Amino acid sequence: MLSPNTDSMGNSMKIATWNVNGINARTEHLLRWLKEFNPDVALLQELKTPGDAVPTLELKELGYHVEFVGQKSFNGVAILSKNEIDVVLDKLPGDEEDVQSRYIEANTGGVRVASIYFPNGNPVDTEKFTYKLGFMERVIERTKELLAEEIPFVLGGDYNVAPDNGDVYDIQKMGSDAICREEGRQLYRKHLHMGLTNAYKLYHPEPGQFSWWDYRGGGWNKDHGVLIDHLLLSAQAADLLVDSNIDKTPRGWEKASDHTPVWCELSL
DNA sequence: ATGCCGTCATACTGACGA
C-alpha cells in the first residue's frame with residue numbers, strides 16, 4: 001500500500017542570517033522581506049531593543065515562531081522559524097560577567113541553529129578588541145560541545161570578520177579595521193578548521209562579494225562593501241546543503257540596514 | 001580624515017557601528 005507521503009513536499013529549509021541594524025527602524029523591511037523571500041528560519045542580529053520593538057504579533061501572522069534575547073539600545077539576537085523553537089542557550093557560555101545579548105541557540109525543524117552577533121572590536125587597541133577575540137574563543141569552545149553531538153547545526157550571524165582580502169572592497173582602506181585584523185582572521189580559521197563549512201563561500205569562492213556596505217560615502221552605489229555575515233555548518237548540515245547566496249534586494253530599499261541577508265538551503 | 005551615514009537615547013548631542 002502506498003503511503004500518503006503528505007510531508008514530502010519541499011523538505012527544504014532556507015536558513016538566512018541578517019543584521020537588521022535596529023528592528024524598530026526595520027520592522028517594515030523585515031516583514032516585507034519575510035513575505036518575499038519566505039525563509040524557514042531567519043537569524044537576526046542587532047535588534048537594539050529589550051524586546052518591546054519586536055513585532056511578535058505580525059511575525060506570528062506570517063507563520064513564524066519567535067525567540068530572542070534583547071537589551072536596550074545595543075546588540076540583541078533573534079531566531080524566527082516556521083517550526084517550533086526550543087531554545088538551548090540564551091547566552092554564550094564561558095564568561096558569567098558578559099551581559100551583552102549576542103547569542104541564542106535553539107533546535108528547530110530538526111536542525112540546531114544559533115544567531116550570533118560577534119563584537120565589532122574597534123578600536124583595535126582597546127578592550128573592545130580583546131573582548132572580540134575572547135568572544136570568538138568562547139564560540140570555538142561552544143562549537144567543540146556541538147560537534148560532540150554529531151548533529152546538523154548552522155551557526156549564523158554577523159561574524160564581524162572579513163576572512164580574506166577578497167572579502168573587502170579595498171584592503172588599503174579597510175586593512176586596519178578590526179574586521180580585517182589577523183588575530184580575528186586566525187580565530188575565524190581556527191573555528192572553520194574544526195570541520196565547519198562556510199555555506200556561501202562553498203558556492204561563491206570568488207572575491208568581491210559583500211554582505212555589508214557603509215552608509216557613508218555612497219558605499220552601496222559604489223559597491224564598496226565587505227563580507228562579514230556568515231553561515232558556518234557542521235558536516236551533518238553541510239551534507240544537506242543544496243544552495244547558498246546573498247539576497248541583496250533589501251539593501252536597495254529606502255532606509256535599508258547596512259547589512260543584507262545571507263542564506264543557505266538544506267534538503268532535509 | 002578624529003570626516004562621510006544611520007540608530008538609539010530622554011536627545012537638539014554623543015555613543016556606537018565597521
Side-chain angles (χ1 to χ4, degrees), chain A residues 17-31 33 44-55 68-78 98-103 115-136 139 156-185 187-188 200 207-230 246 248 250-262:
Chain A
T17 182
W18 188 16
N19 180 325
V20 295
N21 188 20
I23 198 168
N24 184 51
R26 220 67 61 204
T27 296
E28 295 312 311
H29 280 50
L30 175 61
L31 297 175
W33 174 74
L44 308 180
Q45 301 87 40
E46 280 213 87
L47 307 181
K48 296 187 174 182
T49 175
D52 48 292
V54 176
F68 64 87
V69 291
Q71 69 183 82
K72 194 161 89 171
S73 305
F74 306 114
N75 310 315
V77 288
D98 184 0
V99 295
Q100 299 189 33
S101 300
R102 296 179 175 274
Y103 189 93
S115 178
I116 314 175
Y117 179 43
F118 287 74
N120 161 301
N122 285 306
V124 294
D125 59 350
T126 68
E127 72 286 347
K128 293 185 179 231
F129 191 63
T130 313
Y131 172 63
K132 175 182 191 167
L133 300 180
F135 188 96
M136 295 181 76
V139 170
D158 177 357
Y159 280 68
N160 265 315
V161 170
D164 306 297
N165 285 352
D167 300 322
V168 178
Y169 77 98
D170 184 342
I171 196 60
Q172 299 301 329
K173 285 192 170 63
M174 293 296 291
S176 62
D177 192 283
I179 66 168
C180 295
R181 287 292 294 255
E182 192 56 25
E183 298 96 318
R185 286 180 168 178
L187 285 172
Y188 168 86
Y200 178 75
Q209 307 303 310
F210 309 129
S211 63
W212 176 92
W213 296 260
D214 203 324
Y215 288 124
R216 301 166 294 184
W220 168 246
N221 289 324
K222 294 176 185 170
D223 197 26
H224 287 177
V226 300
L227 180 59
I228 54 175
D229 300 276
H230 307 293
I246 296 170
K248 291 188 185 180
R251 186 60 181 82
W253 293 340
E254 291 292 324
K255 304 269 290 177
S257 168
D258 42 1
H259 296 252
T260 211
V262 179

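Worth saying up front: this structure is predicted, and the values here are computed from it rather than measured. Just so it is clear: chains get the letters A, B, ... in the order the sequence lines come, proteins before strands, and each one is counted from 1.
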Send over the distance from [X] [atom1] to [N] [atom2], rounded to a whole Å.
X        : N     : atom1 : atom2 : value
A:Gln45  : B:dT7 : CD    : P     : 18 Å
A:Asp177 : B:dG3 : CG    : P     : 13 Å
A:Lys173 : B:dT2 : NZ    : P     : 14 Å
A:Met174 : B:dC4 : CE    : C1'   : 14 Å
A:Leu44  : B:dT7 : CG    : P     : 17 Å
A:Gln71  : B:dT7 : CD    : P     : 19 Å

- How do A:Thr49 and A:Trp212 order along DNA chain B: which one's closest nucleotide is nearer the 5' end? A:Thr49
- Please figure out whether A:Ile228 or A:Gly217 has its closest DNA chain B nucleotide nearer the 5' end. A:Gly217
- Query: Is A:Ser211 reaching over with its side chain to a backbone N or O of A:His259, donor-acceptor style, under 3.5 angstrom?
  - Reply: no
Polar atoms only, N or O, under 3.5 Å: list the protein pairs with nucleotides 13-17 of chain B and their distances.
none

Using atom [atom1] of each nucleotide, how far apart are [N] and [M] to the nearest Å?
N      : M      : atom1 : answer
B:dC5  : B:dT10 : P     : 25 Å
B:dA11 : B:dG6  : C1'   : 15 Å
B:dA1  : B:dC12 : C1'   : 25 Å
B:dT13 : B:dA18 : P     : 26 Å

How many angstroms lie between atom [atom1] of [X] and atom [atom2] of [Y], to the nearest 0.5 angstrom?
X        : Y        : atom1 : atom2 : answer
A:Trp212 : A:Ile246 : CH2   : CD1   : 14.0 Å
A:Asn120 : A:Ile179 : CG    : CD1   : 8.0 Å
A:Trp253 : A:Arg251 : CH2   : CZ    : 12.5 Å

- Message: Base, sugar-phosphate or nothing for A:Arg26? Non-hydrogen atoms, less than 4.0 Å.
- Response: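 Sugar-phosphate, backbone atoms only, no base.
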- Sugar-phosphate only, base, or nothing, as touched by A:Gly22 at under 4.0 Å among non-hydrogen atoms: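 Here A:Gly22 touches the backbone only, sparing every base.
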- Hey, could you give me each pair passing salt bridge (Lys or Arg N to Asp or Glu O under 4.0 Å) that has a residue in residues 161-179 of chain A? Not counting sequence neighbours.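 Qualifying pairs: A:Asp164-A:Lys201, A:Asp167-A:Lys201, A:Asp170-A:Lys173.
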- Hey, which of A:Thr17, A:Asp229, A:Asn160 is the one that makes side-chain hydrogen bond (donor to acceptor under 3.5 Å, both in side chains) with A:Gln45?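 That would be A:Thr17.
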- Query: Would you call the rings of A:His224 and A:Tyr169 parallel, tilted or perpendicular if under 30° counts as parallel and over 60° as perpendicular?
  - Reply: parallel
